S.K.: 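Below is the structure I would like to discuss, written out as C-alpha cells.
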There are 2 protein chains.
Amino acid sequence: MNRLPVAERREQLIEAALAVASRDGIDAATVRAVAAEAGVSLGVVHYCFQDKDELLRAMAHAITSANLERSLGELPEEAATTESVIESVIDALWAGIQDSRGPQLLSYELTTSSLRHPELNQVAIEQYRGQWAAAEQVLDLVERAAGVGWAVPRATLARTIVAVVDGFSLAWLVDGDSETARLGLQGFGRFLATIAVPAALAPDDELEPAPTTPA
Amino acid sequence: MNRLPVAERREQLIEAALAVASRDGIDAATVRAVAAEAGVSLGVVHYCFQDKDELLRAMAHAITSANLERSLGELPEEAATTESVIESVIDALWAGIQDSRGPQLLSYELTTSSLRHPELNQVAIEQYRGQWAAAEQVLDLVERAAGVGWAVPRATLARTIVAVVDGFSLAWLVDGDSETARLGLQGFGRFLATIAVPAALAPDDELEPAPTTPA
DNA sequence: GTCTATAGTTGGATAGAC
DNA sequence: GTCTATCCAACTATAGAC
C-alpha cells in the first residue's frame with residue numbers, strides 16, 4: 001500500500017517469508033504467498049529481490065542471526081554446582097526450542113534444501129557455523145559460572161552439543177514428546193558434567209586437532 | 001515396454017522413485033521424473049498408484065524396511081572389552097552411513113516433508129519407530145557380545161543413540177567432514193561404555209518410566 | 001513504487017486410442 | 001496394460017500502465 005524505501009520493504013518481506021515458511025513449510029513460501037502475507041502485490045517482491053532464491057537466502061540469514069542473538073539470552077545463575085548450572089542452561093535452551101516448533105522445523109527444511117540446491121549452498125554451512133559458535137559461547141558461560149574447564153577441546157564439545165540438541169529436537173518434532181526430549185537432554189547434561197574438570201587443571205583450551213576442511 | 005503384473009510394476013516404480021529422490025532430492029521426485037527413470041510413460045504410474053502421495057508413501061516404507069534389515073548386518077566380534085565392541089559397532093554403522101549420502105539426506109527430507117503434509121503424516125513416526133527399534137537391537141547385540149547391561153532403561157538409551165547419530169549425520173551432510181563425525185560418535189561411544197554395567201548386576205531391563213503418549 | 005496483465009514453465013491427473 | 005494427447009492449476013518472472 002504505502003510507499004516505502006526499498007530497505008524497509010525488504011525487511012518487511014523477509015518477515016513475511018519467515019512467517020509463511022514457519023507456518024506452512026518452505027515449499028509454501030512461494031513468491032506469491034510471501035507477497036500476499038506482506039499485503040503487497042507480486043511485482044513488489046521482484047522489485048525488492050532479484051529472484052526467489054535471493055529472498056530465501058535473505059530469510060535464512062535472518063534466522064541464523066536471530067538464533068545467534070537469542071542463544072545468548074539464557075544466562076545461568078552465578079554460584080552453583082556444575083550439574084545445576086548445566087541443568088538450568090539446558091532447561092532454558094529447551095524451553096526456547098519448544099516454544100518455536102515452526103521455525104525449528106523450518107530450519108531443518110532449510111538445511112536439506114540448501115544441500116540439494118547449489119544456489120543455496122552457503123545457507124546450511126552458515127547455519128551450522130552459527131550454531132557451533134553459539135554452543136561454544138554457552139560452554140564459555142558454563143565454564144565461568146561453574147568454574148570449570150573440559151577434558152576435550154571446546155570446539156569438539158560444541159559440535160557434539162549441537163549434534164545432540166539437533167537429534168533430540170528432530171525426534172521431538174516427530175513424536176511431540178517434549179518431556180522425553182528434555183529428559184534425554186538432561187541425561188546428556190549429566191554426561192557433560194562428568195567431563196568437566198576444575199578450571200585450575202584445564203588449559204584455556206586443548207591443542208587444536210589438525211585443522212579440518214576450512215570450506 | 002513389457003507388460004508386467006501390477007505388483008512388479010509397483011516394485012519397479014518404487015525403485016525408480018528411490019533412485020531419483022536419492023540423487024536429486026525429494027522435490028525432484030515428480031511423477032514425470034519417476035516415470036522417465038523407470039522407462040515407462042506417465043500414465044503407467046497413475047495406473048499403479050492412485051496419486052503421487054501413495055507413491056511417496058510406498059517409497060518411504062521401502063526405505064524404512066531396508067534400514068531395519070541393514071542395521072542387523074553389522075555384528076560385533078564375540079569376546080572383547082565393552083569399549084572395543086562399541087567401537088567396532090560404531091565404525092560399522094558409520095561406514096554404512098558414509099556410503100549412502102543421497103539416501104541419508106533423502107531420509108531427512110522425508111521426515112520434514114512428513115511433518116508438513118498431513119497425507120504423509122505416518123511416514124516420519126514410522127521411520128523413527130524403526131530406528132528406535134533398530135537401536136535397541138544393536139544395544140542387545142552389544143549386551144550379549146560384551147556381557148553387560150545398562151544403567152538406564154534400554155529404550156531411553158536407544159532414543160539417545162538415534163538422536164546422537166542423527167545429529168552427527170546431519171552435521172556431516174553439511175560440512176562433509178566424515179572423520180570429525182566418526183570421532184564425535186566414538187566419543188559418544190566411550191560415554192556409552194561408562195554407563196555399561198556387568199550383566200549380573202543389571203536387570204533384563206529397568207522398570208519402564210510412566211508410559212508416554214502411545215501415539 | 002506499485003499495480004495489472006501476461007508470457008512461459010512445470011507438474012498432477014485424466015481420457016481415450018491402441 | 002501401455003501409450004499419446006490434453007486439461008488444469010500453480011508458479012516464476014517480466015512488461016508496461018498508472
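Residue numbering restarts at 1 for every chain, and letters A, B, ... go by the order of the sequence lines. The structure displayed is predicted, hence computed values, not measured ones. Hydrogens, waters and symmetry mates are skipped; everything else that's a heavy atom, side chains included, is used.
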S.K.: Within this structure, what is the OH-to-P distance between Y47(A) and dC18(D), rounded to whole angstrom?
M.R.: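 Rounded to whole Å, this separation is 20 Å.
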
S.K.: Give the rounded distance in Å between these two atoms: CG of L42(A) and P of dG1(C).
M.R.: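 L42(A) atom CG is separated from dG1(C) atom P by 19 Å.
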
S.K.: What is the distance, rounded to the nearest whole Å, between atom CD1 of I26(B) and atom C1' of dG11(C)?
M.R.: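 Going from CD1 in I26(B) over to C1' in dG11(C) covers 15 Å.
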
S.K.: Please classify the nucleic acid contact of T30(B) as base, sugar-phosphate, or nothing, using heavy-atom distances under 4.0 Å.
M.R.: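 Sugar-phosphate contact only - T30(B) comes under 4.0 Å of backbone atoms but never of a base.
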
S.K.: Please check this pair: side chain of S22(A) against backbone of A19(A), looking for a donor-acceptor N/O pair closer than 3.5 Å.
M.R.: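 Judged by distance alone, no pair lies under 3.5 Å.
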
S.K.: Quick one: which of dA13(D), dT2(D), dG1(D) gets closest to the side chain of K52(A)?
M.R.: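 It is dA13(D).
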
S.K.: Which of the following nucleotides, dC3(C), dA13(C), dC3(D), is nearest to the side chain of D51(B)?
M.R.: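 Given the options dC3(C), dA13(C), dC3(D), the side chain of D51(B) is closest to dA13(C).
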
S.K.: Rounded to whole Å, how long is the line connecting atom CZ of R3(B) with atom P of dC18(C)?
M.R.: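 Taking CZ of R3(B) and P of dC18(C), I get 14 Å after rounding.
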
S.K.: Where the side chain of V6(B) is defined as all heavy atoms beyond and including C-beta, which of dG1(D), dC3(C), dC3(D) is the nearest nucleotide?
M.R.: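 Minimum distance to the V6(B) side chain belongs to dG1(D).
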
S.K.: Pick base, sugar-phosphate or nothing for L4(A), based on heavy-atom distances below 4.0 Å to the nucleic acid.
M.R.: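 L4(A): backbone/sugar contact only, no base atoms under 4.0 Å.
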
S.K.: Tell me: CZ of R32(B) to C1' of dC3(D), nearest whole Å?
M.R.: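 Those two atoms, CZ and C1', are 14 Å apart.
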
S.K.: Select from G43(A) and D27(B) the residue whose nearest nucleotide in DNA chain C is closer to the 5' end of that strand.
M.R.: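 Result: G43(A).
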
S.K.: Measuring from atom CG of L106(A) to atom CE of M59(A), what distance do you get when rounded to the nearest 0.5 angstrom?
M.R.: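 Going from CG on L106(A) over to CE on M59(A), the span is 5.0 Å.
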
S.K.: Picking from L170(B), V164(B), D166(B), what satisfies side-chain contact (heavy atoms from CB on, under 4.5 Å) with D166(A)?
M.R.: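 When side-chain contact (heavy atoms from CB on, under 4.5 Å) is applied between D166(A) and each of L170(B), V164(B), D166(B), only L170(B) qualifies.
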
S.K.: Mind calculating the distance between CG (D53(B)) and P (dG12(C)) to the nearest angstrom?
M.R.: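 Spelled out: CG on D53(B) to P on dG12(C) is 10 Å.
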
S.K.: Counting the benzene-type ring for Trp, do W132(A) and Y128(A) have ring centres under 6.0 Å apart?
M.R.: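 Yes, close enough.
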
S.K.: Short question: side chain of S107(B), backbone of P103(B) - any donor-acceptor pair under 3.5 Å?
M.R.: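 Between the backbone of P103(B) and the side chain of S107(B) there is no qualifying donor-acceptor contact (under 3.5 Å).
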
S.K.: Side-chain N or O of H46(B) less than 4.0 angstrom from OP1 or OP2 on dA13(C)?
M.R.: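 True: H46(B) side-chain N/O within range (under 4.0 Å) of dA13(C) OP1/OP2.
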
S.K.: May I have the distance from E54(A) (atom CD) to dA13(D) (atom P), rounded to whole angstrom?
M.R.: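 For the pair E54(A) CD and dA13(D) P, the rounded distance is 11 Å.
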
S.K.: In whole angstrom, give the distance that lies between atom CZ of F49(A) and atom P of dT2(C).
M.R.: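 The answer, rounded to whole Å, is 13 Å.
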
S.K.: Looking at R9(A) and dG1(C), is any side-chain donor or acceptor paired with a base atom of the opposite kind under 3.5 Å?
M.R.: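 By the distance-only test, no, there is no pair.
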
